[in-house]
Amino acid sequence: MFNLLRMDLYRLRRSRSAYICFAILFLVTVICFWFTWMTITPEGDKFAEKIGIAEPLREDSLEMEGYDSLLLFREIAMDGGAYSAILGIWVALFVCLDFQSGFMKNIMSLHRHRWKYVISKVLTAGILSFFYLVLQYAFCILLNLLFGHLIPFADFRDILFYLANAWLNTTAFSALIIMVSFFTRSSTAGVLTALLFGTGFVQALLRSFTSLFHIDGWQNYTLYYNLVYAPSSYTGIGSLRIFAVAFVFLILYSGIASICLSRQDI
């Protein structure tokens, strides 16, 4: 399994799509900080007035009170599911490339235990998500300083708590994309799954139906809910529920992916 992981990490390092996704995350971060600067600073308000968008930004200025670097990071990356969707798209393309290139047959001829291949892919996605999260948050801190310390910095313990939660949940979400990619062998299906589930579209549809019967409490145990509505700090043992949910989904999706791959002809 170590050789498989080393191969995947080598491919990851040379993957242009991984850097493109990273650049998109950075670009979105810059745009959000630029709008934040126009919203909460006098200089930014004057600039916004020149380009004709001052009024809507002034209406949002009251909502920015009480924001810190962690809350703004959540608004940029997690709320709406942009981060999960981008990561999921890359995972789908990365996994399906083995099928499309025919390289999968060579790998499976050398490794009888196909679950090792699944673990390698999940670990690779987890490593990429770790670097994405850490570097994007560090970029947020840098932009906050460059824009004149727009918002206060969050407590370091809160940052570690939420980033750990985000990492485990996005890794579990990557396992979902890997499972779908193995089952369908289609990058299109994987990308659609990333978009529909990562942005919460499927959850919103199901909630609109189940709320009619007052049984919408299930959404509290989904990956999307854990990312968007999870607490930003540890307040007690109940705060660890989000980690338990993510871990269960990670094991579940990885297990189904292993079974699916072991029963399919390559």
Please tabulate, for the side chains in residues 131-143, all donor-acceptor contacts under 3.5 angstrom to protein atoms that are two or more places apart in sequence or on a different chain.
{"from": "Tyr132", "atom 1": "OH", "to": "Ala18", "atom 2": "O", "distance (Å)": "2.4"}
{"from": "Gln136", "atom 1": "NE2", "to": "Thr29", "atom 2": "OG1", "distance (Å)": "3.1"}
{"from": "Tyr137", "atom 1": "OH", "to": "Ser69", "atom 2": "OG", "distance (Å)": "2.8"}

Inset, instruction - Check ring-ring contact (aromatic ring centres under 6.0 Å, His included) between Tyr19 and all other residues, then give those that pass, not counting sequence neighbours. - result: none
Legend entry - Which residues share a ring-ring contact (aromatic ring centres under 6.0 Å, His included) with Phe94, sequence neighbours left out: Trp90
For residues 197-208, tabulate all N or O donor-acceptor pairs below 3.5 Å that involve a side-chain atom, not counting sequence neighbours.
{"from": "Thr199", "atom 1": "OG1", "to": "Leu195", "atom 2": "O", "distance (Å)": "2.4"}
{"from": "Gln203", "atom 1": "OE1", "to": "Thr222", "atom 2": "OG1", "distance (Å)": "2.8"}
{"from": "Gln203", "atom 1": "NE2", "to": "Gln219", "atom 2": "OE1", "distance (Å)": "3.4"}
{"from": "Ser208", "atom 1": "OG", "to": "Ala204", "atom 2": "O", "distance (Å)": "3.4"}
{"from": "Ser208", "atom 1": "OG", "to": "Leu205", "atom 2": "O", "distance (Å)": "2.6"}

[atom1]/[X] to [atom2]/[Y] distance, rounded to the nearest 0.5 angstrom?
X	Y	atom1	atom2	value
Lys46	Glu49	NZ	CD	9.5 Å
Tyr221	Phe249	OH	CZ	11.5 Å
Thr36	Glu75	OG1	CD	9.0 Å
Asn144	Ile151	CG	CD1	5.0 Å
Trp167	Ile127	CH2	CD1	9.0 Å
Asn165	Asn226	CG	CG	6.0 Å

Inset, instruction - Determine whether the aromatic ring centres of Phe22 and Phe26 lie less than 6.0 Å apart. - result: yes
Inset, instruction - Any pair with a residue in residues 239-248 that passes side-chain hydrogen bond (donor to acceptor under 3.5 Å, both in side chains), sequence neighbours left out, goes on the list, sorted by first then second residue, please. - result: Thr235-Ser239
Legend entry - Residue pairs fulfilling side-chain hydrogen bond (donor to acceptor under 3.5 Å, both in side chains) with at least one residue in residues 76-85, sequence neighbours excluded: Tyr83-Ser129
Indicate, with yes or no, if [Y] and [X] share a hydrophobic cluster defined by side-chain heavy-atom contacts under 4.5 Å among Ile, Leu, Val, Met, Phe, Trp and Tyr.
X	Y	answer
Val95	Leu12	yes
Phe161	Met78	yes
Val228	Tyr67	no

Inset, instruction - Take Asp158 and Ser232 through the side chain to side chain donor-acceptor pair (under 3.5 Å) test and state the conclusion after the steps. - result: CA-CA 6 Å; Asp158 295 342; Ser232 295; over 6 Å; no
Inset, instruction - Taking the side chain as every heavy atom from C-beta outward, state whether Ile76 and Phe33 have any atom pair closer than 4.5 Å. - result: yes
Legend entry - Sub-4.5 Å side-chain heavy-atom contact between Ile20 and Ile24: yes
Legend entry - Modelled atom types, side-chain donor and acceptor of Ser233 and Arg157, under 3.5 Å: no
Legend entry - CZ (Phe130) with more than 12 external heavy atoms under 6.0 Å: no
Legend entry - Ring geometry between Trp37 and Phe47 (parallel below 30°, tilted from 30 to 60°, perpendicular above 60°): tilted
